[in-house]
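Encoded as structure tokens, the structure appears first; notes follow it.
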Amino acid sequence: TFDRDASNPRVTADWPINTIAFNERRLEIITPIKNDLYVWCALTGQMRTLHDNITEGTITAIALGVGERRVFVGADDGSLLVVNYACGALLKRLERHDYEVNQITTMPDKVLTLSIPEKVIKVHDDNDPQRAAVLKRIDVSDAGHIMQFALDGRDILAGVSDDQRIVWYNTSFAKEVSNSDSCEVVHRQAVACVVYFEEAP
């Protein structure tokens with residue numbers, strides 16, 4: 001919670017919290033505040049640990065890796081890194097974006113990162129524990145400002161934009177494969193979020 005006048009300042013922040021991650025295995029919530037990561041018990045609300053000075057810039061995106069033992073961190077200066085969940089130690093750096101990192105999504109063997117100002121989604125290789133090459137670079141500039149994307153669990157991602165559009169891309173060859181321009185149901189406002197249902201076609 002962001003509240004300067006809170007009665008219990010130990011469970012509040014003096015800086016807006018713009019993203020969170022939930023560790024299902026440990027029942028913990030991770031919140032970035034400036035360039036620090038706070039870990040909270042989801043059951044009691046007590047702060048369990050603090051990983052400070054993770055990045056030079058302000059943290060703008062986080063995601064847990066497969067297995068929930070690593071945290072992928074993106075910052076407003078475009079930097080991307082991976083830290084150990086338990087102690088906050090740096091594990092590796094990913095190729096940075098030119099501008100702020102707005103979303104990080106992990107999947108087996110790959111990590112996808114979005115920079116809205118750059119209008120680029122990068123597909124990083126996550127097989128090597130020390131290095132992370134960029135496998136694909138998806139240019140999403142034709143879709144307007146992509147606000148968020150979601151994966152279907154395989155090779156397709158759907159991106160939503162402030163131009164009232166939904167655009168589908170294939171991550172294997174980094175190309176647009178479809179869009180919502182010809183759909184009967186259309187959005188009349190900017191589309192801010194998207195999710196794939198696991199049990200729906």
Side-chain angles (χ1 to χ4, degrees), residues 1-2 13 15-24 29-33 55 57-66 68 71-80 94-124 126 134-201:
T1 303
F2 173 59
W15 197 263
I17 298 170
N18 52 18
T19 185
I20 66 168
F22 180 64
N23 189 321
E24 295 181 9
I29 298 169
I30 306 96
T31 61
I33 300 171
T55 62
T58 299
I59 297 172
T60 53
I62 59 173
L64 292 177
V66 176
E68 299 182 328
V71 185
F72 290 80
V73 180
D76 61 356
D77 60 1
S79 61
L80 282 158
L94 281 66
E95 181 179 294
R96 64 186 300 128
H97 281 275
D98 292 336
Y99 300 98
E100 174 181 329
V101 180
N102 300 101
Q103 183 180 350
I104 303 172
T105 300
T106 61
M107 59 188 295
D109 302 328
K110 295 177 184 175
V111 180
L112 284 75
T113 60
L114 165 68
S115 173
I116 294 174
E118 191 179 357
K119 299 184 177 181
V120 164
I121 296 173
K122 291 183 178 181
V123 182
H124 306 262
D126 193 33
V134 173
L135 301 174
K136 299 290 180 183
R137 187 177 185 276
I138 305 173
D139 182 352
V140 296
S141 57
D142 289 343
H145 286 90
I146 292 289
M147 307 301 288
Q148 192 181 73
F149 68 86
L151 292 168
D152 71 344
R154 295 177 295 276
D155 293 327
I156 301 297
L157 70 82
V160 293
S161 77
D162 60 359
D163 290 345
Q164 309 161 18
R165 301 177 73 218
I166 304 171
V167 183
W168 286 268
Y169 296 91
N170 187 301
T171 59
S172 295
F173 51 87
K175 297 292 183 183
E176 179 181 329
V177 293
S178 185
N179 60 59
S180 61
D181 292 350
S182 59
C183 294
E184 292 184 18
V185 178
V186 295
H187 291 277
R188 305 197 185 281
Q189 300 291 334
V191 187
C193 62
V194 60
V195 65
Y196 265 103
F197 292 104
E198 293 181 4
E199 299 179 357

Does the [X] side chain pair with the main chain of [Y], one donor and one acceptor, at a distance under 3.5 Å?
X      : Y      : result
Glu68  : Glu24  : yes
Thr19  : Ala61  : no
Gln148 : Gln103 : no
Asp76  : Thr58  : yes
Thr60  : Val101 : yes

From [X] [atom1] over to [Y] [atom2], what is the distance, rounded to the nearest 0.5 angstrom?
X      : Y      : atom1 : atom2 : answer
Ser79  : Glu95  : OG    : CD    : 13.0 Å
Thr171 : Met107 : OG1   : CE    : 5.5 Å
Ile33  : Ile59  : CD1   : CD1   : 9.5 Å
Ile138 : Lys175 : CD1   : NZ    : 10.5 Å
Phe149 : Thr105 : CZ    : OG1   : 3.5 Å
Asp142 : Ser161 : CG    : OG    : 11.5 Å

Between [X] and [Y], which heavy-atom pair has the shortest distance, and what is it?
X      : Y      : answer
Asp139 : Tyr169 : O-CE2, 4.2 Å
Val73  : Ile104 : C-CD1, 3.7 Å
His97  : Val120 : CE1-O, 3.7 Å
Leu64  : Asn23  : CD1-CA, 3.6 Å
Ser180 : Val186 : O-CG1, 4.5 Å
Lys119 : His145 : CE-NE2, 3.6 Å

Find out whether [X] and [Y] are in side-chain contact, i.e. whether some heavy atom of one side chain is under 4.5 Å from a heavy atom of the other.
X      : Y      : value
Ser172 : Val123 : no
Thr106 : Asp126 : no
Thr113 : Phe72  : no
Trp168 : Asp152 : no
Asp98  : Pro117 : no
Val140 : Val167 : no
Met147 : Asp162 : yes
Lys122 : Leu80  : no

Under 4.0 Å between a Lys/Arg side-chain N and an Asp/Glu carboxylate O for Glu118 and Arg96? no

Could you go through the salt bridge (Lys or Arg N to Asp or Glu O under 4.0 Å) check for Arg165 and Asp163 one step at a time? CA-CA 5 Å; Arg165 301 177 73 218; Asp163 290 345; over 6 Å; no

